[in-house]
Amino acid sequence: MELIRGLHNLRQRHRGCVATIGNFDGVHRGHRAILDQLRRHANGEGLALTVVLFEPQPREYFAGTQAPPRLTRLREKLRLLAEQGVEQVLCLPFNQRLRELSGRDFIERVLVEGLDVRHLVVGDDFRFGCDRAGDFALLEALGREHGYSVEHTHAFQLADERVSSSRVRTLLASGNFLQAAYLLGRPYRFEGRVVADRQLGRTLGVPTANLPLPEGPLVLRGVYAVMVARESGELLPGAANFGWRPTVGSQRPVLEVHLIDFSGDLYGERLTVLPCVRLRGELVFDGLEALRTQLHRDVAVSRDYLSQAADPDTFVEAYYAGRPLKLATAPLSPPSNANTPSSAGVDQR
């Protein structure tokens with residue numbers, strides 16, 4: 001798959017294609033249905049299957065930190081699109097210049113002059129151009145003028161409910177990883193490269209691999225039992241914290257992962273973290289000793305949960321080392337005799 005960054009990088013070989021436009025955040029099963037619909041035209045006409053997307057996403061441009069958290073960063077989104085047979089992605093910088101384009105200008109500059117689109121698939125509620133004035137009717141009208149065809153996406157529902165990125169975010173935030181995996185068509189995961197940090201976890205007896213998280217809202221926040229895939233394909237159990245480490249402070253969000261019963265150097269390695277169940281929110285502790293006690297408790301609970309046998313319906317294939325994941329449908333309830341930190345009752349989630 002070829003990534004084309006900006007209209008100025010379009011070449012003659014990119015022209016003449018079938019295309020769709022959208023955020024494709026998560027590349028979930030609804031997105032895949034759109035790509036399947038588009039692929040039939042691409043194969044039938046011998047044209048490149050093309051996706052047009054924006055960086056930042058339009059809602060991020062307008063809403064900033066109030067925008068919904070991303071399910072997938074650009075790197076992973078591109079990989080997932082490539083896996084679905086997308087041949088080229090035109091990534092347009094969403095800036096003041098682009099947002100000021102009228103609907104007609106967007107069609108003529110991007111779709112006609114830029115890509116020479118022969119067939120376009122979009123939602124019938126798709127809006128674009130300055131003040132979102134462009135719509136499906138305008139696409140059809142200019143299609144007749146410029147010689148491309150356009151169709152709206154077919155409705156895609158699972159269990160009588162529309163599959164959407166916002167629905168997946170809601171499921172993940174509620175701890176329903178099993179249903180989220182069903183809508184995504186794969187377990188939710190976060191990928192990143194291990195970086196050096198303060199090594200505080202090592203001093204507490206719980207060494208962690210630290211992966212920077214993107215600035216802005218987080219899809220997940222708190223402590224989770226996870227499975228971790230290494231670049232070798234090895235799949236290991238762990239306990240992870242997504243967030244800001246309120247007890248010790250952090251200048252940016254970080255994902256800290258403790259690999260259970262593992263010793264070795266992971267610096268520079270790219271890891272894939274697959275959350276299985278939410279254990280608790282981030283808490284403020286009185287001091288490092290209280291934090292140490294809770295971290296060891298989190299590791300013990302994670303070990304117990306991930307090692308348990310379960311009903312096959314709660315397993316989802318991990319696609320790593322051929323091993324299934326035990327995905328929860330709700331946060332794990334704390335045991336009735338669990339001790340809570342003395343002043344840690346403030347949930348920082």
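Numbering starts at 1 and runs along the sequence shown. All of these numbers come straight from a predicted model, not from anything done at the bench.
Taking the six-membered ring where the residue is Trp, the centroids of Phe62 and Phe94 are separated by under 6.0 Å. Aromatic ring centres of Phe242 and Tyr224 lie closer together than 6.0 Å.
At a threshold of 4.0 Å, the pair Arg70-Glu55 counts as salt-bridged, since one of the basic side-chain nitrogens sits closer than that to a carboxylate oxygen. With salt bridges taken as basic N to acidic carboxylate O contacts below 4.0 Å, none links Arg193 and Glu269. Ion pair Arg230/Glu234 flagged as a salt bridge, since at least one NZ, NE, NH1 or NH2 atom sits closer than 4.0 Å to an Asp/Glu carboxylate oxygen. A salt bridge does not link Arg73 to Glu76: none of the charged nitrogens lies less than 4.0 Å from a carboxylate oxygen. Remark: Arg75 does not engage Glu191 in a salt bridge, criterion side-chain N to carboxylate O under 4.0 Å.
Inspection of the Asp25 and Thr72 side chains reveals an N or O donor paired with an N or O acceptor under 3.5 Å. Side chains of Glu151 and His119: a donor on one and an acceptor on the other come within 3.5 Å. Counted by atom type alone, Glu140 and Tyr148 present zero donor-acceptor pairs between their side chains at under 3.5 Å. For His258 and Thr208, the side-chain atoms include no donor-acceptor pair closer than 3.5 Å.
At least one donor-acceptor pair under 3.5 Å links the side chain of Arg169 to the backbone N or O of Pro69. The backbone N or O of Val228 sits nowhere less than 3.5 Å from a side-chain atom of Arg189 that would complete a donor-acceptor pair.
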Going through the checks in order, is the side chain to side chain donor-acceptor pair (under 3.5 Å) test met by His31 and Gln84?
-> CA-CA 10 Å; His31 294 139; Gln84 295 302 310; over 6 Å; no
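The only member of Val51, Val110, Leu53 that meets side-chain contact (heavy atoms from CB on, under 4.5 Å) when paired with Leu90 is Val110.
Cation-pi check for Arg29 over Tyr182 is met; the charged atom lies under 6.0 angstrom from the ring centroid and within 45 degrees of its normal. Both the sub-6.0 Å distance and the 45° axial angle are satisfied by Lys326 relative to the ring of Tyr305.
In this structure the side chain of Glu161 never reaches within 4.5 angstrom of the side chain of Leu183, judged on heavy atoms.
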